[in-house]
Chemist: 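Handing you this structure, nothing more for now.
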Amino acid sequence: MNIFKVFENDIRKLLDELAAEGHIPAGLDTARLTVEPPREAAHGDLSTNAAMILAKPAGKPPRALAELLVAKLKTRPDVASAEIAGPGFVNLRLSADVWRDRIRDVLTAGTAYGESTLGAGRPVNVEYVSANPTGPLHAAHGRGAVFGDALAALLEKAGYAVTREYYINDAGAQVDVLGRSTFLRYREALGEAVGEIPAGLYPGEYLKEVGQALAERDGSKWVGADEADWLPACRDFAIARIMEWIEEDLGVLGVRMDVYSSERALVKAGAVDIALKALEDRGLIYVGVLEPPKGKKPDDWEPRPQTLFKSTGFGDDVDRPLKKSDGSFTYFSNDIAYHFDKHRRGFDAQIDVWGADHGGYVKRMQAATTAITEGKASLDVKLCQLVHLMKNGEPVKMSKRAGTFVTLRDVIEEVGKDVVRFIMLTRRNDQTLEFDFAKVVEQSKDNPVFYVQYAHARCRSVLRHAATAMAGADLSAAALAAKANLARLDTEEEMALAKRMATWPRLVESAAEAHEPHRVAFYLYDLASDFHALWNKGRDDASLRFLIDGDEEVTVARLALVSAVATVIASGLAVMGVEPVEEMRS
RNA sequence: GGCCCCAUAGCUCAGUUGGAUAGAGCAAUCGCCUUCUAAGCGAUAGGUCGCAGGUUCGAAUCCUGCUGGGGUCGCCA
């Protein structure tokens with residue numbers, strides 16, 4: 001239950017009542033109405049701008065309107081106080097029981113707490129990773145993988161029907177290069193001395209393994225064969241093998257895709273022709289000559305007629321080529337077909353997660369998606385900025401060119417999947433992220449992974465102690481929910497925790513709508529911080545500890561609180577794909 | 001040159017889709033602490049939200065124009 005939404009709906013009803021009573025005109029636009037926690041806790045628990053946004057259309061001063069609302073709100077038993085502040089805010093303080101009851105909600109719902117019906121089961125397609133099948137995933141891919149996966153989980157929690165999808169770019173020139181590189185390694189595996197890997201081929205060591213495997217499967221079958229024969233064989237073999245690795249790596253990271261879409265299969269099935277025909281029918285394709293890029297004219301520039309898509313009609317800056325000069329389709333054409341295909345599979349809400357270097361591609365893809373689906377589908381593109389790998393403040397050198405780069409697997413093996421996942425979400429997607437191998441495993445307050453996990457571990461530790469101290473007592477969440485007298489929770493810190501947990505459903509909804517999973521990480525840090533604060537109070541004042549000898553009632557109430565905190569942390573970590581820990585010892 | 005992203009405390013970053021006196025961690029200063037789990041706790045100080053306009057009850061947030069940094073720019077994917 002999202003308490004803020006409950007009040008928002010109730011306030012809308014009150015406004016209807018005011019209209020029925022003739023205080024304000026009926027049918028005022030309340031789209032801008034908000035009910036949210038004020039930044040300043042001193043202002044109360046909830047705050048609404050209703051009086052301010054309606055003042056002008058209602059023809060009444062905001063404070064007068066606020067008076068009317070306050071009078072109505074004050075009659076509610078769950079409202080402890082309602083007052084007007086500033087330019088016309090209505091601030092509410094809720095009775096403590098409203099917050100305490102949320103603890104019971106948590107205990108009853110378990111880690112399902114925070115789930116919402118916001119998405120109403122609408123399908124959403126989240127496409128992420130989609131790394132070229134030409135080599136193992138490297139560290140930077142990890143960010144897109146984690147981001148996309150957490151976003152998918154978040155949307156699921158918010159009630160959407162999510163499909164996780166990986167687009168395999170197995171149709172371009174790069175996979176022919178892969179095929180040639182593999183052929184060389186294959187001959188090498190058969191004993192041929194191949195020497196230096198020629199420029200233009202992939203030098204990576206990992207292809208030795210692919211060549212070896214191919215030699216084992218096919219023997220010397222391809223030596224001396226026509227390129228027309230060995231190239232597709234080597235290419236397809238390598239793609240299949242590398243995709244296995246990629247799936248394995250993703251598995252280690254805890255990422256499981258629902259759908260792998262092959263570009264080659266799509267092209268083969270004629271999807272590109274269908275898509276371009278659709279655009280053609282709408283008069284969005286023409287043959288024309290593009291202007292050279294302003295201010296940065298390539299040396300070999302020459303005007304030439306190309307088949308172009310009229311993307312300028314949909315917010316793009318220039319029209320974009322659909323065919324290369326040899327008549328074959330550009331990657332863009334295939335991509336249009338792919339996004340059209342998603343639409344035809346029922347996805348009108350599409351999200352793509354890309355690396356920041358593809359920023360220049362966003363407008364045309366959105367333009368094309370809008371154009372080809374006649375505005376029915378919307379595409380949101382989330383760009384993930386670079387990850388800077390560091391070790392004790394020193395940058396870790398990466399060179400894809402030389403074939404030496406830090407693979408995602410290396411990173412996971414060094415610090416663990418949970419640390420990778422958590423850290424990748426501690427920055428907004430459009431900020432560059434520094435990943436320091438030393439810092440991310442540090443056991444201190446400035447490491448958010450540790451801090452959040454520590455809070456969970458402390459909760460579990462308290463419950464373990466309680467189980468020993470109160471042998472025989474049923475301390476399950478259900479039992480605590482049933483028997484705890486939550487009225488015994490009344491300290492400032494306890495109420496702060498209860499309120500923080502009450503905002504989790506709201507956070508899920510707003511983060512899901514904004515497509516910003518990093519907010520979950522920050523929320524958990526805040527929740528952990530509230531919990532640690534309460535814990536620390538118990539150091540100075542024994543009466544504030546959780547287990548109080550001789551007062552079972554307060555102990556049970558506090559155990560309910562602690563159990564709820566652990567549950568909400570676990571619920572948040574589940575969205576991030578991180579396993580909560582029972583204790584910090586390792 | 002066009003387009004996209006970024007610019008918030010000394011540093012690293014949040015900022016609830018336009019709300020009230022802009023927050024957290026680190027570093028700094030000052031106290032405390034040896035534990036229901038050790039990897040500490042509390043307090044203080046720190047700001048022209050890059051600059052200048054605009055929109056309105058109200059702007060870090062939206063619009064315009066600048067400045068600085070990054071990315072990208074017709075037959076790469």
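Labels below follow one simple rule: chain letters A, B, ... track the order of the sequence lines, proteins then strands, and each chain is numbered from 1. Only a predicted model underlies this, so the values are computations on that prediction, with no experimental measurement involved.
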Chemist: For the backbone of A:Ala238 and the side chain of A:Thr182, can you confirm whether one donor and one acceptor N or O come within less than 3.5 Å of each other?
Modeler: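 Not a single qualifying donor-acceptor pair exists.
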Chemist: Under a 3.5 Å cut-off for both contacts, is B:G42 paired Watson-Crick or G-U wobble with anything, and if yes, with which nucleotide?
Modeler: B:C30
Chemist: Across all strands, who's sitting opposite B:A14 as a Watson-Crick or G-U wobble pair, both distances under 3.5 Å?
Modeler: none
Chemist: Quick check: A:Tyr523 with A:Tyr525 (ring centres under 6.0 Å apart)?
Modeler: no
Chemist: Mind checking if A:Lys363 touches a base, just sugar-phosphate, or nothing, with heavy atoms under 4.0 Å?
Modeler: sugar-phosphate
Chemist: Would you say the ring centers of A:Phe531 and A:Phe546 fall short of 6.0 Å from each other?
Modeler: yes
Chemist: Summarise how protein sits on nucleotides 54-68 of chain B as a single string, 5' to 3': B when a protein heavy atom is under 4.0 Å from the base, S for sugar-phosphate-only contact, - for no contact.
Modeler: --SBB-B--------
Chemist: A:Arg427 CZ to B:A14 C1': how many Å, rounded?
Modeler: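 Taking atom C1' of B:A14 as the reference, CZ of A:Arg427 is at 9 Å.
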Chemist: For A:Asp317 and B:C5, what is the distance between atoms CG and P respectively, to the nearest whole Å?
Modeler: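 Those two atoms, CG and P, are 11 Å apart.
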Chemist: Need to verify one output field. Residue with the more 5' nearest nucleotide on RNA chain B, A:Arg364 or A:Arg506?
Modeler: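 Nearest nucleotide further toward 5': that of A:Arg506.
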Chemist: When the aromatic ring centroids of A:Tyr128 and A:Phe147 are compared, is their separation below 6.0 Å?
Modeler: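 No, they do not, as the ring centres are separated by 6.0 Å or more.
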Chemist: When you compare the side chains of A:Glu509 and A:Asn2, does any donor N or O come within less than 3.5 Å of an acceptor on the partner?
Modeler: yes
Chemist: Nearest whole angstrom, please: distance from the C1' of B:U17 to the CD of A:Glu8.
Modeler: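 Whole-Å distance recorded here is 13 Å.
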Chemist: Given salt bridge (charged side-chain N to carboxylate O under 4.0 Å, His left out), test A:Lys342 with A:Glu165 step by step and report yes or no.
Modeler: CA-CA 10 Å; A:Lys342 286 196 229 180; A:Glu165 185 151 335; 5.4 Å; no
Chemist: Is there a stack between A:Phe450 and B:A39, judged by ring centres under 5.5 Å and planes under 30°?
Modeler: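 Here the ring of A:Phe450 and the base of B:A39 are not stacked, as the 5.5 Å and 30° limits are not both satisfied.
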Chemist: Taking the minimum atom-to-atom distance to the side chain of A:Asn49, which one of B:G19, B:C13, B:C3 wins?
Modeler: B:G19
Chemist: Between B:C41 and B:U35, how many Å separate the two C1' atoms, rounded to a whole number?
Modeler: 11 Å
Chemist: For A:Arg428 and A:Asp430: C-alpha separation, side-chain torsions, deciding distance, then whether salt bridge (charged side-chain N to carboxylate O under 4.0 Å, His left out) applies.
Modeler: CA-CA 6 Å; A:Arg428 242 169 42 210; A:Asp430 44 17; 2.9 Å; yes
Chemist: So what does A:Glu442 hit on the nucleic acid, given a heavy-atom distance under 4.0 Å: a base, only sugar-phosphate, or nothing?
Modeler: nothing
Chemist: Would you say the side chain of A:Asp335 and the base of B:A77 hold a donor-acceptor pair, judged only by whether the two atoms sit under 3.5 Å apart?
Modeler: no
Chemist: Please state whether the rings of A:His532 and A:Tyr454 are parallel, tilted or perpendicular, taking 30° and 60° as the class boundaries.
Modeler: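 Correct class here is tilted.
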Chemist: Taking the P atom of each, how far is B:G58 from B:C5, in whole Å?
Modeler: 28 Å
Chemist: Within the 4.0 Å heavy-atom criterion, would you say A:Arg428 contacts the bases, only the backbone, or no part of the nucleic acid?
Modeler: sugar-phosphate
Chemist: A:Glu583 CD to B:A39 P: how many Å, rounded?
Modeler: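 For the pair A:Glu583 CD and B:A39 P, the rounded distance is 16 Å.
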Chemist: The side chain of A:Glu36 is closest to which nucleotide in this list: B:G25, B:A14, B:G19?
Modeler: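 Output: B:G19.
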Chemist: Is the count of non-hydrogen atoms from other residues, nucleotides or ligands lying under 6.0 Å from A:Glu552 atom CD greater than 12?
Modeler: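 Counting other residues, nucleotides and ligands, CD of A:Glu552 stays at 12 neighbours or fewer.
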Chemist: Starting from P on B:G74, measure out to CZ on A:Phe329 and report it in whole angstrom.
Modeler: 21 Å
Chemist: Please measure how far the P atom in B:A28 lies from the corresponding atom in B:C63, and state the result in whole Å.
Modeler: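 To the nearest whole Å, 40 Å.
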Chemist: Counting only side-chain nitrogens and oxygens, does A:His532 get under 4.0 Å of the OP1 or OP2 atom of B:G40?
Modeler: no
Chemist: Do the side chain of A:Tyr454 and the base of B:A39 come within less than 3.5 angstrom through a donor-acceptor pair of N or O atoms?
Modeler: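 Pair found.
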Chemist: Determine the interatomic distance between C1' on B:A39 and the same-named atom on B:U72; round to the nearest Å.
Modeler: 45 Å
Chemist: Out of B:U37, B:U17, B:A7, which nucleotide sits closest to the side chain of A:Gln431?
Modeler: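 Nearest to the side-chain atoms of A:Gln431, counting from C-beta on, is B:A7.
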Chemist: Just compare B:A38, B:A77, B:U17 and give me whichever is closest to any side-chain atom of A:His358.
Modeler: B:A77
Chemist: Among B:C36, B:A77, B:G71, which nucleotide has an atom closest to any side-chain atom of A:Asp357?
Modeler: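 Closest nucleotide to the A:Asp357 side chain: B:G71.
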Chemist: Both distances under 3.5 Å, Watson-Crick or G-U wobble: report the partner of B:G58, or none.
Modeler: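 WC or wobble partner does not exist here.
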Chemist: For B:U16, take OP1 and OP2 only and decide whether either is under 4.0 Å from a side-chain N or O of A:His518.
Modeler: no
Chemist: Distance check, C1' atoms only: B:A59 and B:G69, in whole angstrom units.
Modeler: 24 Å
Chemist: Ignoring hydrogens and geometry beyond distance, is the side chain of A:Ser47 in donor-acceptor contact with the base of B:A20 at under 3.5 Å?
Modeler: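 Check passes, donor-acceptor contact within cut-off.
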Chemist: Under 4.0 angstrom, heavy atoms only, what part of the nucleic acid is A:Tyr361 near: base, sugar-phosphate, or nothing?
Modeler: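 Base contact - A:Tyr361 has a heavy atom under 4.0 Å of at least one base atom.
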Chemist: Could you tell me how the ring of A:Tyr361 sits relative to the ring of A:Trp354: parallel (under 30°), tilted (30 to 60°) or perpendicular (over 60°)?
Modeler: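 Geometry flag for A:Trp354 against A:Tyr361: tilted rings.
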Chemist: Provide the distance between the two C1' atoms, one in B:U56 and one in B:C62, to the nearest whole Å.
Modeler: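 Approximately 11 Å lies between the C1' atom of B:U56 and that of B:C62.
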Chemist: I'd like the C1' distance from B:A45 over to B:A9, given in whole Å.
Modeler: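 Going atom to atom, C1' in each nucleotide, I get 11 Å.
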Chemist: Measure from the side-chain heavy atoms of A:Gln443 and tell me the nearest of B:A39, B:A77, B:G25.
Modeler: B:A39
Chemist: Looking only at side-chain atoms of A:Ala85, point me to the closest of B:G15, B:A20, B:A14.
Modeler: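 Looking only at side-chain atoms, A:Ala85 lies closest to B:A20.
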Chemist: For a 4.5 angstrom cut-off between non-hydrogen side-chain atoms, does A:Arg488 reach A:Val556?
Modeler: no
Chemist: Which nucleotide, if any, forms a Watson-Crick or G-U wobble pair with B:U64, using both distances under 3.5 Å?
Modeler: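 The answer is B:A52, by the H-bond criterion.
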Chemist: Remember a base hit wins even if backbone is also touched, and classify A:Ala457 as base, sugar-phosphate or nothing at under 4.0 Å, heavy atoms.
Modeler: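 It contacts base atoms.
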Chemist: Between A:Ser444 and B:A39, does any side-chain N or O lie under 4.0 Å from OP1 or OP2?
Modeler: no
Chemist: Pick base, sugar-phosphate or nothing for A:Tyr331, based on heavy-atom distances below 4.0 Å to the nucleic acid.
Modeler: base
Chemist: Rounding to a whole Å, what distance do you find between A:Leu386:CG and B:U72:P?
Modeler: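 In whole Å, B:U72 P lies 9 Å from A:Leu386 CG.
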Chemist: Only pairs with both distances under 3.5 Å count, Watson-Crick or wobble alike; so what is the partner of B:A22 in this structure?
Modeler: none
Chemist: Can you figure out which of B:C5, B:U37, B:A20 approaches the side chain of A:Phe89 most closely?
Modeler: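 The answer is B:A20.
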Chemist: Which residue lies toward the 5' end of RNA chain B, A:Lys324 or A:Asn447, if each is placed at its nearest nucleotide?
Modeler: A:Asn447
Chemist: Which value, in whole Å, describes the distance between the C1' atoms of nucleotides B:G25 and B:A14?
Modeler: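 Here B:G25 and B:A14 have their C1' atoms 10 Å from each other.
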Chemist: Check whether NZ of the Lys or CZ of the Arg A:Arg506 lies under 6.0 Å from the centre of the six-membered ring of A:Phe4 and within 45 degrees of that ring's axis.
Modeler: yes
Chemist: Separation of A:Glu434 atom CD from B:G25 atom C1', in whole Å?
Modeler: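 Spelled out: CD on A:Glu434 to C1' on B:G25 is 15 Å.
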Chemist: Tabulate protein N/O versus nucleotide N/O from nucleotides 30-35 of chain B, keeping only pairs under 3.5 Å, one per line.
Modeler:
residue	atom	partner	partner atom	Å
B:U35	O2	A:Arg539	NH1	3.3

Chemist: Could you tell me the separation between the CG atom of A:Leu433 and the P atom of B:C13, rounded to a whole number of Å?
Modeler: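 Going from CG in A:Leu433 over to P in B:C13 covers 8 Å.
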Chemist: Can you label the angle between the A:His141 ring and the A:His138 ring as parallel, tilted or perpendicular, going by 30° and 60°?
Modeler: tilted
Chemist: Please say whether more than 12 non-hydrogen atoms of neighbouring residues, nucleotides or ligands are located less than 6.0 Å from CG in A:Asp549.
Modeler: no
